[in-house]
Amino acid sequence: DVGTGFTAHRNGEIVQQYMVDHLKFPDLQSAKELRDKYFAKCHSTAKALTVAQQEGEFPENAPTFETAHLSEYWAQNLNYDLLGPPKTELHQTLSKCPATMVAFSNGPRKYVKRVLQKLGLFELFGDERLYAV
C-alpha cells in the first residue's frame, strides 16, 4: 500500500487526528512531531504511542492509550479508496496457486481485513487464514 499513499494517510493525518481527538493533543502538528519522534525509535505507531505515554510525553489530561482503540479507529476512519480498485488479476493468479495461502500482517486484524476486502482478495484467505495482531 506504500505506492498508493495509503500508508502515509494511515500514519499521517489519520493517526494525528486520532491523537488530537482522543489523546488530547492540542493540534495536529504537535501530534505529528511526537508520533514521528517515537516512530523513529519504535517502528510501530501503536508501540510509539505506548512508549511516549509511559515516558510522560502525552498531555496531562490524556486518557490511557489503548492499542485496540486505535485499531478500531483505523478500521472505521481510513480512506480505503486510496488503495484503488480491486486487484482482479492478482486474485486470478493467486486463486490458481495449489498451496494453502495465508495472509499475515503486523497490522490490526480488523484493519487488515478491510484492506483485503477492498482489494478483492479476502475470499482467498477468509477469517481462518488471516493472521494479524
Side-chain angles (χ1 to χ4, degrees):
D1 63 13
V2 175
T4 67
F6 188 73
T7 297
H9 166 67
R10 182 187 72 232
N11 289 331
E13 69 227 34
I14 295 298
V15 77
Q16 293 161 22
Q17 193 64 56
Y18 172 84
M19 292 168 71
V20 169
D21 292 347
H22 299 284
L23 300 177
K24 309 301 183 202
F25 278 75
D27 54 60
L28 296 173
Q29 186 59 38
S30 62
K32 178 185 180 344
E33 289 170 6
L34 182 110
R35 186 265 174 201
D36 291 352
K37 172 184 172 182
Y38 279 85
F39 187 85
K41 293 194 269 188
C42 299
H43 308 286
S44 158
T45 296
K47 182 68 172 178
L49 295 179
T50 300
V51 171
Q53 189 166 45
Q54 289 170 348
E55 294 184 358
E57 296 281 350
F58 277 21
E60 283 185 32
N61 61 339
T64 300
F65 170 68
E66 296 178 17
T67 57
H69 192 255
L70 175 61
S71 297
E72 183 64 31
Y73 188 85
W74 271 339
Q76 298 302 319
N77 292 282
L78 288 168
N79 179 1
Y80 293 90
D81 289 338
L82 290 172
L83 294 168
K87 308 303 181 208
T88 54
E89 187 175 325
L90 178 59
H91 183 282
Q92 290 171 353
T93 301
L94 291 176
S95 68
K96 295 175 186 171
C97 179
T100 299
M101 296 182 295
V102 299
F104 179 82
S105 175
N106 67 344
R109 182 179 183 79
K110 188 179 265 188
Y111 149 75
V112 174
K113 184 175 180 176
R114 296 261 335 252
V115 168
L116 289 171
Q117 288 170 330
K118 175 64 180 167
L119 297 175
L121 302 173
F122 179 72
E123 71 172 64
L124 294 171
F125 307 101
D127 282 317
E128 63 279 354
R129 289 184 279 132
L130 170 57
Y131 297 89
V133 295

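In what follows, residues are counted from 1 in the order of the sequence shown. Values in this document were obtained by computation on a predicted structure and should not be read as measured data.
Within the 4.5 Å cutoff, the side chain of Met19 has heavy atoms near those of the Leu34 side chain. The shortest distance between side-chain heavy atoms of Gln17 and Leu28 falls below 4.5 Å.
With hydrophobic clusters built from ILVMFWY side chains whose heavy atoms lie under 4.5 angstrom apart, Val102 does not share a cluster with Leu116. Linking ILVMFWY residues whenever their side-chain heavy atoms come closer than 4.5 Å, directly or via other members, places Val112 and Leu90 in the same cluster.
Rounded to the nearest 0.5 angstrom, Tyr80 OH and Trp74 CH2 are separated by 10.0 Å. In this structure, Lys37 NZ and Glu55 CD are separated by 7.5 Å, a value rounded to the nearest 0.5 Å. A distance of 5.0 Å separates NE2 in His22 from NE2 in His69, rounded to the nearest 0.5 Å. Summarising the geometry, atom CG belonging to Leu119 is positioned 8.5 Å from atom OG1 belonging to Thr4; distances are rounded to the nearest 0.5 Å. Rounded to the nearest 0.5 angstrom, Lys32 NZ and Asn11 CG are separated by 10.5 Å. Here the straight-line distance linking atom CG of Leu23 with atom CD of Gln16 works out to 12.5 Å at 0.5 Å rounding.
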Let me have the donor-acceptor pairs involving side chains of residues 121-128, under 3.5 Å, with sequence neighbours excluded, atom names and distances please.
unit_1: Glu123; atom_1: OE2; unit_2: His91; atom_2: NE2; d: 3.3
unit_1: Asp127; atom_1: OD1; unit_2: Lys113; atom_2: NZ; d: 3.2
unit_1: Asp127; atom_1: OD2; unit_2: Lys113; atom_2: NZ; d: 3.4

Q. Are Tyr73 and Val15 close enough, and set up right, to give a side chain to side chain contact (heavy atoms under 4.5 Å, CB included), and what steps lead you there?
A. CA-CA 9 Å; Tyr73 188 85; Val15 77; over 6 Å; no
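Ring geometry, Phe65 versus Tyr18: the interplanar angle exceeds 60°, so the pair is classed perpendicular (tilted spans 30 to 60°).
Remark: the backbone N or O of Pro63 is paired with a side-chain donor or acceptor of Gln53 at under 3.5 angstrom. The main-chain N or O of Leu130 is found under 3.5 Å from a side-chain atom of Arg109 such that the two form a donor-acceptor pair. No donor-acceptor distance shorter than 3.5 angstrom exists from the side chain of His9 to the backbone of Leu82, with no hydrogens or angles considered. For the pair Arg129 (side chain) and Met101 (backbone), a donor-acceptor distance under 3.5 Å is present. In this structure, the side chain of Lys87 engages the main chain of Pro85 through a donor-acceptor pair within 3.5 Å.
For the residue pair Gln29 and Glu33, a side-chain donor N or O sits within less than 3.5 Å of a side-chain acceptor on the partner.
Partners of Gln92 by side-chain contact (heavy atoms from CB on, under 4.5 Å), not counting sequence neighbours: none found. Contacts of Phe104 classified as side-chain contact (heavy atoms from CB on, under 4.5 Å), with partners at least two apart in sequence or in another chain: Tyr131. Glu66 is linked by a salt bridge (charged side-chain N to carboxylate O under 4.0 Å, His left out) to nothing, counting only residues two or more places apart in sequence or in another chain. Residues meeting the side chain to side chain donor-acceptor pair (under 3.5 Å) test with Ser30, sequence neighbours left out: Asp27.
Residue-environment remark: NZ (Lys47) stays at or below the threshold of 12 foreign heavy atoms within 6.0 Å. The local environment of CG in Asp36 is crowded, with over 12 non-hydrogen atoms from other residues, nucleotides or ligands closer than 6.0 Å.
Pairs engaging residues 24-45 under the ring-ring contact (aromatic ring centres under 6.0 Å, His included) rule: Phe25-Phe58 [sequence neighbours left out].
Between Ala132 and Gly107, the shortest heavy-atom distance links the atoms CB-O, 3.2 Å. Here the shortest heavy-atom pairing between Pro59 and Pro26 reads CG-CD, 4.5 Å.
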